[in-house]
There are 2 protein chains.
Amino acid sequence: MDKILITEGVPLYVKIREALRAEIMHGNLHPGQKIPSEDELAQQYRVSRMTVRQGILDLIKEGLLHRKHGVGTFVSYPHFDRDHTRLTNFFESAREQGIDASSTVLKIEVSPASDKIAKELRLSPGENVICIRTLRFVNQTPVTVHDSYLPHRLFAEIVYENLENVHIWDVMEKYGYRVKRAIQKLEARPASSEIAKLLDIKPNSPILYKERKILAEDGTAVEFTYCYNRGDMYSLTVSMER
Amino acid sequence: MDKILITEGVPLYVKIREALRAEIMHGNLHPGQKIPSEDELAQQYRVSRMTVRQGILDLIKEGLLHRKHGVGTFVSYPHFDRDHTRLTNFFESAREQGIDASSTVLKIEVSPASDKIAKELRLSPGENVICIRTLRFVNQTPVTVHDSYLPHRLFAEIVYENLENVHIWDVMEKYGYRVKRAIQKLEARPASSEIAKLLDIKPNSPILYKERKILAEDGTAVEFTYCYNRGDMYSLTVSMER
DNA sequence: AAAATATAGACGTCTATACGTCTATATTTT
DNA sequence: AAAATATAGACGTATAGACGTCTATATTTT
């Protein structure tokens with residue numbers, strides 16, 4: 001039985017990958033089930049085995065499939081929370097979950113970087129950074145105070161952009177930097193009086209404190225942030241592998 | 001100039017990957033620098049281009065290299081915190097950081113799973129789980145209360161094992177399950193009086209609360225845990241990608 | 001000088017083939 | 001019946017070659 005791939009302008013292995021993904025999602029292939037072997041799929045789709053393999057390997061990396069040498073390839077069980085594992089920005093993830101999200105800019109200023117930020121962003125000593133403090137709302141309730149530090153050298157003109165209700169990562173793309181990776185450190189902390197006031201909670205309430213460094217595709221450190229998230233209204237899901 | 005690969009019994013692409021890694025680590029190739037093209041490397045190592053490619057792709061997945069279509073492959077800047085990004089267990093990561101770590105078992109019991117745990121571990125209704133509560137210490141100070149739930153069906157005999165100062169993941173391997181992935185939800189919460197007493201802190205102090213589901217290589221859900229970590233003594237670093 | 005175009009280098013996709021290694025199962029031997 | 005062995009199926013590694021696409025740079029044209 002031949003399977004035919006129609007779309008043009010898309011690599012074959014991507015088509016096969018998506019065809020397999022669709023079969024899994026639609027339940028034609030169910031969790032735990034063995035999928036056809038690389039050879040069989042190659043014949044079905046009339047491509048070479050290596051092409052099928054490339055598509056399968058993608059899905060394995062994603063966690064949708066797993067395989068055992070000498071035995072076969074199997075559909076993984078769901079609950080891998082694939083969606084929450086990707087690096088998404090505030091507005092993206094809110095939109096996906098159908099939540100009303102907004103943000104206001106509290107402050108923009110340019111000043112020399114602190115030692116810590118200079119080190120994290122790999123700046124020369126005394127180099128300037130743009131600091132943007134925003135307050136983020138979910139359903140009109142303040143949830144996060146977000147302090148963002150950007151190298152002034154790379155984003156000097158960004159201070160003239162509209163930054164309300166827009167994610168800064170989208171703005172960065174105009175400057176040629178596409179965000180690729182974040183390294184984040186998480187802690188539970190008591191809210192300072194300043195943060196408590198902004199988030200409309202009592203001082204010393206638990207805050208999910210997050211420091212993160214954002215890297216672009218070429219490894220440039222493009223942003224460093226301090227985030228103060230209301231503990232009772234914010235949770236974060238991550239996936240890690242051995 | 002030919003480069004020669006000596007070790008036997010190791011795939012060629014692994015040798016090339018490790019040779020490249022060594023060159024980067026030893027500083028022969030420095031961050032930002034362009035490495036030789038796939039064609040050049042194939043000639044140097046006298047292998048096919050696809051073999052070199054497989055090695056390079058591994059290093060890109062790791063974040064050690066990055067590439068730009070039509071331009072070349074480059075050494076990434078460090079600070080990717082590769083070490084903190086892997087899923088490691090409590091004792092592994094403590095050892096790596098040269099920290100004194102220990103744990104005591106407070107309780108072991110077998111009982112029917114709660115609805116939530118049955119759902120997360122994909123158990124039949126009413127199926128039994130083993131609950132193990134441990135207290136973890138760093139430098140003799142209690143840092144984490146750890147409630148672990150395991151399917152009784154898979155690990156019935158585990159209750160007879162020594163579980164003090166041992167990580168349960170190591171014990172699980174004896175039962176044929178190798179931990180592969182964790183999906184964790186993180187929140188900042190106030191400490192309950194029970195948890196506060198165990199961690200020797202005041203009630204309502206910030207706790208980094210963590211729920212996680214642990215999956216084995218074949219996708220079996222092997223453990224569900226609730227973790228209560230002292231906010232002032234525990235932080236977690238994770239990396240996420242788009 | 002500016003704009004359009006050509007070119008070379010490098011990565012991206014794809015094929016067809018070969019042989020190695022691992023696992024589960026069937027077969028044979030003890 | 002148990003143990004050893006063979007076998008088939010499936011993934012793992014590796015090659016050589018072809019052509020596509022992208023980027024930066026050099027060249028030509030305007």
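Residue numbering restarts at 1 for every chain, and letters A, B, ... go by the order of the sequence lines.
By the 30° and 60° cut-offs, the orientation of the rings of A:Tyr149 relative to A:Tyr226 is perpendicular.
First and last contacts of DNA chain D with chain A, using any nucleotide atom under 4.0 Å from a protein heavy atom and ordered 5' to 3', fall at D:dG9 to D:dA14.
Annotation: salt bridge (charged side-chain N to carboxylate O under 4.0 Å, His left out) contacts of B:Asp170 (sequence neighbours excluded): none. Residues passing the side-chain contact (heavy atoms from CB on, under 4.5 Å) test with A:Arg133 are A:Leu106, A:Lys107, A:Val145, A:Asp147, A:Glu194, A:Ile195, A:Leu198, sequence neighbours excluded. Residues meeting the side-chain contact (heavy atoms from CB on, under 4.5 Å) test with B:Asp115, sequence neighbours left out: none. A:Glu127 is linked by a side chain to side chain donor-acceptor pair (under 3.5 Å) to A:Ser124, A:Arg153, counting only residues two or more places apart in sequence or in another chain. Contacts of B:Glu40 classified as salt bridge (charged side-chain N to carboxylate O under 4.0 Å, His left out), with partners at least two apart in sequence or in another chain: none. With sequence neighbours left out, A:Thr73 forms a side-chain contact (heavy atoms from CB on, under 4.5 Å) with A:Ile35, A:Ile56, A:Leu65, A:Arg67. Checked against ring-ring contact (aromatic ring centres under 6.0 Å, His included), A:His152 has no partners two or more places apart in sequence or in another chain. For A:Phe155, the ring-ring contact (aromatic ring centres under 6.0 Å, His included) partners two or more places apart in sequence, or in a different chain, are A:Tyr175, A:Tyr177. B:Lys68 is linked by a salt bridge (charged side-chain N to carboxylate O under 4.0 Å, His left out) to nothing, counting only residues two or more places apart in sequence or in another chain.
If you find the closest nucleotide of DNA chain C to A:Ser48 and to B:Gly70, the one lying nearer the 5' end belongs to B:Gly70. The residue among B:Pro36 and A:Val14 whose nearest nucleotide of DNA chain C lies closer to the 5′ end is B:Pro36.
For DNA chain D, each stem of at least three Watson-Crick or G-U pairs (distances under 3.5 Å) is given as range with range: C:1-30 with D:1-30.
Within residues 50-59 of chain B, the residues approached by DNA chain D to less than 4.0 Å at the level of any non-hydrogen atom are B:Met50, B:Thr51, B:Gln54, in residue-number order.
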